[in-house]
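A short write-up of the structure that comes next.
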Amino acid sequence: MFMLNLMHEDELHRKDRNELEPVVRQFLFLLRQKSQRLYTHSLQVAHYATGIAARMGLPRAEIEMIQAAALLHDIGLLTMPAATLHKMPFLSSREQSQYKKHPDFGANMLEMIPACQQIIPYIRHHHEKWDGTGFPKRLRGVNIPIGARVIAVADYYEKITNPASENCAKTKKEAVNELLGASGLLFDPSIVRFFIETLGR
């Protein structure tokens, strides 16, 4: 521990990243085995989230943690039957209740892995809403971890624009208008603005 404390900050970051990468790869493999759609969704959400974080000017280490959390944000869905995942978003009330537990399930999966400690809050709270109506803890505003706020915007945009995720995918313009309408209600307005800038609107 004494030796660790003497390490340069860049070395600490490199050590954390090197320990996290194999964990991310393993869980992505499991996601792909469970659902190809869920796997590709996770990759795209990570792409959008990383773009937002970079546009915000966050430190490199924070951007990489947000990227890792975005890749694993839905790992709690590994606990749901594959048949149920194929029905999304058309779930029964019982299935919807189970679905709402997935952020906690995903966070709990990582609790015993030291390299994942920083990304756990981002995974647990990526379905919280700016106005406090989200789940699982009904956090509001800046009480929601910043990584979770970034992932929430990226996740929503990907879901409504991906033909594989919804029956009637929205165009980029329609999706941007939805984000603007939900800005300050469901999503952090500054993050919505940064995301729209990354899209080149």
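For the single chain, residues carry numbers from 1 onward in sequence order. Just so you know, these numbers use all the heavy atoms, side chains as well, and skip hydrogens, waters and symmetry mates.
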Ring-ring centroid check His102 His126, cutoff 6.0 Å: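 Yes, the ring centres sit under 6.0 Å apart.
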For Phe194, ring-ring contact (aromatic ring centres under 6.0 Å, His included) partners two or more places apart: none
For Phe29, ring-ring contact (aromatic ring centres under 6.0 Å, His included) partners two or more places apart: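 So Phe29 forms no ring-ring contact (aromatic ring centres under 6.0 Å, His included) with any residue.
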So, for [X] and [Y], which heavy atoms are closest and what is the spacing to 0.1 Å?
X: Ala49; Y: Ala154; result: N-CB, 3.7 Å
X: Ile63; Y: Ala53; result: CG1-CB, 3.9 Å
X: Glu197; Y: Arg55; result: OE1-NE, 3.0 Å
X: Gln118; Y: Pro121; result: O-CD, 3.4 Å
X: Ala152; Y: Phe187; result: O-CE2, 3.7 Å
X: Pro103; Y: Phe135; result: CG-CE1, 3.8 Å

Linked hydrophobic residues, Val142 as query - side chain contacts closer than 4.5 Å: Trp130
Nonpolar side-chain network containing Leu139, other nodes, edges under 4.5 Å: Ile144
Indicate yes or no: at least one non-hydrogen side-chain atom of [X] is less than 4.5 angstrom from one of [Y].
X: His127; Y: His73; answer: no
X: Leu185; Y: Lys129; answer: no
X: Leu77; Y: Asp74; answer: yes
X: Ile75; Y: Leu28; answer: no
X: Arg124; Y: Asn108; answer: yes

Of Leu20, Ile120, Ile123, the residue whose pairing with Leu72 passes side chain to side chain contact (heavy atoms under 4.5 Å, CB included): Ile123
Passing candidate, side chain to side chain contact (heavy atoms under 4.5 Å, CB included) with Tyr157, options Ile52, Asn162, Leu179, Ile196: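 The option that passes is Leu179.
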Ion pair check, Lys173 and Glu178, cut-off under 4.0 Å: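 Salt bridge: no.
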Sequence neighbours left out, what passes side-chain contact (heavy atoms from CB on, under 4.5 Å) with [X]? Give chain and number order.
X: Glu174; answer: Lys170, Thr171
X: Gln96; answer: Leu91, Tyr99, Lys100
X: Val23; answer: Phe27, Ile113, Cys116

I need the [X] [atom1] to [Y] [atom2] distance, nearest 0.5 Å.
X: Gln67; Y: Ile151; atom1: CD; atom2: CD1; answer: 10.5 Å
X: Thr133; Y: Arg140; atom1: OG1; atom2: CZ; answer: 8.5 Å
X: Leu71; Y: His41; atom1: CG; atom2: NE2; answer: 11.0 Å
X: Met65; Y: Gln117; atom1: CE; atom2: CD; answer: 10.5 Å
X: His125; Y: Lys137; atom1: NE2; atom2: NZ; answer: 7.5 Å

Steps toward side chain to side chain contact (heavy atoms under 4.5 Å, CB included) verdict (Phe195, Met56): CA-CA 9 Å; Phe195 183 48; Met56 293 171 70; over 6 Å; no
Can you list, pair by pair, the side-chain donor-acceptor contacts under 3.5 Å of residues 79-87, counting residues two or more places apart and other chains?
{"residue": "Thr79", "atom": "OG1", "partner": "Gly76", "partner atom": "O", "Å": "2.7"}
{"residue": "Lys87", "atom": "NZ", "partner": "Glu95", "partner atom": "OE1", "Å": "2.8"}
{"residue": "Lys87", "atom": "NZ", "partner": "Glu95", "partner atom": "OE2", "Å": "3.0"}

For the side chain of [X] and the backbone of [Y], is there at least one donor-acceptor N/O pair under 3.5 Å apart?
X: Ser42; Y: Leu38; result: yes
X: Glu158; Y: Val45; result: no
X: Ser97; Y: Ser93; result: no

Audit row: Gln36, Arg32, side chain to side chain donor-acceptor pair (under 3.5 Å) steps and yes/no: CA-CA 5 Å; Gln36 179 66 34; Arg32 193 170 194 173; 3.3 Å; yes
With sequence neighbours excluded, residues passing side-chain hydrogen bond (donor to acceptor under 3.5 Å, both in side chains) with Gln44: Tyr48
Residue list, side-chain hydrogen bond (donor to acceptor under 3.5 Å, both in side chains) with Arg193, at least two apart or on another chain: none
Residues forming a salt bridge (charged side-chain N to carboxylate O under 4.0 Å, His left out) with Asp131, sequence neighbours excluded: none
Residues forming a salt bridge (charged side-chain N to carboxylate O under 4.0 Å, His left out) with Arg149, sequence neighbours excluded: Asp188
Full working for side chain to side chain contact (heavy atoms under 4.5 Å, CB included) between Leu78 and Leu31: CA-CA 7 Å; Leu78 290 171; Leu31 278 175; 4.0 Å; yes
Cluster check Ile160, Val150: I/L/V/M/F/W/Y, side chain < 4.5 angstrom: yes
